[in-house]
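Proteins come first, then strands; the chains are lettered A, B, ... in the order of their sequence lines, and each starts at number 1.
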4 protein chains.
Amino acid sequence: MRKSEDTKNRIIQSAIKLISQNGYAATTTAQIAKDAGISEATLFKYFKDKENLLHKVVSVALTQILGSVVLSPLKENIEKNKDLKVSEFLRSIINERLEMLDKNIDLFKIVLIEIQYNDSLKNEVIKNMVPKTCEAKGLIERILIRKGNISKEMAKGISRMMIGTLLTFLFQKYILGIETTSDEIKEEIENVLNVIKKSIGEE
Amino acid sequence: MRKSEDTKNRIIQSAIKLISQNGYAATTTAQIAKDAGISEATLFKYFKDKENLLHKVVSVALTQILGSVVLSPLKENIEKNKDLKVSEFLRSIINERLEMLDKNIDLFKIVLIEIQYNDSLKNEVIKNMVPKTCEAKGLIERILIRKGNISKEMAKGISRMMIGTLLTFLFQKYILGIETTSDEIKEEIENVLNVIKKSIGEE
Amino acid sequence: MRKSEDTKNRIIQSAIKLISQNGYAATTTAQIAKDAGISEATLFKYFKDKENLLHKVVSVALTQILGSVVLSPLKENIEKNKDLKVSEFLRSIINERLEMLDKNIDLFKIVLIEIQYNDSLKNEVIKNMVPKTCEAKGLIERILIRKGNISKEMAKGISRMMIGTLLTFLFQKYILGIETTSDEIKEEIENVLNVIKKSIGEE
Amino acid sequence: MRKSEDTKNRIIQSAIKLISQNGYAATTTAQIAKDAGISEATLFKYFKDKENLLHKVVSVALTQILGSVVLSPLKENIEKNKDLKVSEFLRSIINERLEMLDKNIDLFKIVLIEIQYNDSLKNEVIKNMVPKTCEAKGLIERILIRKGNISKEMAKGISRMMIGTLLTFLFQKYILGIETTSDEIKEEIENVLNVIKKSIGEE
DNA sequence: GATGAATGAGGGTTCATTCAT
DNA sequence: TATGAATGAACCCTCATTCAT
């Protein structure tokens, strides 16, 4: 049981590694088995077929991204920093989110790419990802509003900008693969925060 | 000659369609040939191998995205609207860009996904895409600055927000495939523009 | 293990048979697989590609021709007959060599023909074949010299004639495929031996 | 007509060149057409199919080898040198034959290799080559006998040795591709002639 | 007479999957 | 449970050959 569970996990980890590198269609079960240190026959003892393994991989990715890794630290962070100035609150969120992206980029890539080609996967992902993300977004907006002087519409605009900023970095660094120094990143974050600060009259 | 050029184009169009639907690795040359109404043998008369066809597809995509489709209308739009109020100027740009995204989403998807797995493709894309995008970004920033009362840093923050907003829509609609009514989209744009307007004291 | 080795050998034997019949380029992996009673997929589990199989075939051929089959019996024969008269010594060698040719003609043909089109094969063959052949040639020459009254040059001429005689039969029977009765062969051998006998003043 | 005949010859020459380099099965009609500077379609206007072209190539090769190139110079040479000493007569023949081999090795290779795989080709070749070769062999033998003191059997042995010597060089230089200096060749020829000289008591 | 364009048939090769052990 | 051995189906690609122009 222990051993069995362990083998299964090794297969999944190998699949994550290889699929994120080469894509699902270009990753062979032979590669995965070899990387996991087992035979192909064994792989098919654990997973009915390749598609089944992909679903498991995505499911694991979703769990990790949404459940333990993504939202908990975000909520923690939000809670911990909710008494800061708005700009500092937002900065801490962005930085924490960037770190999280960095740690989970393989999983993100797999999920984002493979749902393009697989509707059942897409539905599964949407069903899990959207409400959780909206929840987090709402949480941030409520805090912004509570901090005073910020209308609901402004809060929505600001939270959307935060998402946009994160996506821009995701795009730049992980999709296009452009090397960016952490100084450059900091500067760009400050530029965005500047606009927001001005808009809410902070300082 | 006429005929030959036509066949070649049909192959490329079929490839674009199928690769954007299923990904490069999962698209077979047989599918492409069938869709183009020719034999596989003919396909390989026009393209040395499958990889070669992918490069041609990406090259066409880049040309179309960057050259005629992406930048020209953007510059035209910028030129035409540079005398509007800042918020109206930005709104017109976003709307025009959203339309452009909609028209070229297949090409975008192919390029963005396939460069994950193909370094020579990635280099080609980066070399072409980055400078042109920076150019457009710079153009917008200069106009913002010239319109008065906006610092260079603010302009940078704002242009980055514009990109972030576009990427958010790209992500939401085309990656996650979430249906969004145009009213919802408009509302969200207004929320973002609102923040920007506030930040530059417009009105 | 047993089974696996067996399958591999069956593939090689089928390859030898078919390549010697039709040549490497005209022999398909499908034919080989069918002849070996396995699927093509299995063939490619045992040999990386068709070229690899050819190399194995040639390697087997070389081993068989040079190692166990060619030189050992020759040396044995030389040893056994070194006390005969020169003409009888040479006759026994020629006859033994002709038998050997007959048994291994398929392997010879493959090696001799395929090295025309494949440099790496040619190098491999040369490296193995030339020294061993020179060794055998040298052995014969030393015995001839030791038998008295034969100069080094004469010995070289005679050994060369032996090779020439063998090649003539190879050419006649196996290249041109001309049927020759064993009486005709014997007669021709005697004619050549006659010349040699005269030249060394035997009898 | 002139032009047409010319094109046909260019095709044949290209075929000879390429088939001798790569073998019939591995030579494509596309390669031949390209080398001949024409389109593949044109090639098939001149030759019903690829096999047909091979037959024409072999036929040309045979004509050239046997008719004009091979036997005429040999007969000429025999006639011219029939009054020399036996050893000198044989030396001149060998040298002339070696030169001829060198000039026509491409044709020889094609013929010798392709008849292994094609019975109709083999029959054609045998029918033409054997009688002519026997004729030349007989001619030489008659001259040897006429020169005195050489029995019919000795003459046969000697002529066979000549063929063997030539085949040895053919084998060494053109099949195995072993580089040999002309000095080495001369020495080996002398060794063989030495034996013959001794056998007929020359000098 | 020459060729650009096209292709059916087949070649080598890979892949996910099965099954006896 | 784990795997060595095997494979049908499909993949990318090539080839000799045809035909309208």
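- Between the CG atom of D/Asn52 and the C1' atom of F/dA16 there is a distance of 13 Å, given to the nearest Å.
- Taking every heavy atom of residues 9-22 of chain B and every atom of DNA chain F, no pair lies under 4.0 Å.
- Side-chain contact between B/Val125 and B/Leu112 is absent, with no heavy-atom pair separated by less than 4.5 Å.
- Taking every heavy atom of residues 24-44 of chain C and every atom of DNA chain F, pairs under 4.0 Å involve C/Ile38, C/Ser39, C/Ala41, C/Thr42, by number.
- Taking NZ from B/Lys45 and CD1 from B/Ile38, the interatomic distance works out to 12.0 Å, rounded to the nearest 0.5 Å.
- Within the structure, every side-chain polar atom (N or O) of D/Tyr46 is placed at least 4.0 Å from both OP1 and OP2 of E/dG1.
- The two residues C/Tyr117 and D/Ser20 have their closest heavy-atom pair at CE2-O, 4.2 Å.
- Following rounding to the nearest Å, D/Lys50 (NZ) and F/dC15 (P) show an atom-to-atom distance of 9 Å.
- Counting non-hydrogen atoms under 4.0 angstrom, A/Phe47 reaches nothing in the nucleic acid.
- The salt bridge (Lys or Arg N to Asp or Glu O under 4.0 Å) test applied to B/Asp35 returns B/Lys17, not counting sequence neighbours.
- Listed by first and then second residue, the salt bridge (charged side-chain N to carboxylate O under 4.0 Å, His left out) pairs that reach into residues 110-125 of chain D come to none, sequence neighbours excluded.
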Return a table of donor-acceptor pairs under 3.5 angstrom between the side chains of residues 47-54 of chain A and protein atoms on other chains or two or more places apart.
residue	atom	partner	partner atom	Å
A/Asp49	OD1	A/Glu51	N	3.4
A/Asp49	OD1	A/Asn52	N	2.8
A/Lys50	NZ	A/Tyr24	O	3.0
A/Lys50	NZ	A/Thr27	O	2.9
A/Glu51	OE2	A/Asn118	ND2	2.8

Apply side chain to side chain donor-acceptor pair (under 3.5 Å) to A/Ser39 and A/Thr42, showing your working. CA-CA 5 Å; A/Ser39 72; A/Thr42 301; 3.0 Å; yes

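- Between C/Ile11 and C/Ile32, the shortest heavy-atom distance links the atoms O-CG2, 3.9 Å.
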Show me the dot-bracket string of DNA chain E, counting Watson-Crick or G-U pairs under 3.5 Å, with | for pairs to another strand and [ ] for crossing ones. .||||||||||||||||||||

Assess whether side chain to side chain contact (heavy atoms under 4.5 Å, CB included) is satisfied between A/Lys109 and A/Asp106, documenting all intermediate values. CA-CA 5 Å; A/Lys109 270 198 184 177; A/Asp106 281 0; 5.6 Å; no

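- Taking the side chain as every heavy atom from C-beta outward, A/Leu18 and A/Gln21 approach each other to under 4.5 Å.
- With the nearest nucleotide of DNA chain F identified for both B/Asp49 and B/Lys45, B/Asp49 has the one nearer the 5' end.
- Contact record, B/Gln116 with A/Ile175: NE2-O, 2.9 Å, taken as the closest heavy-atom pair.
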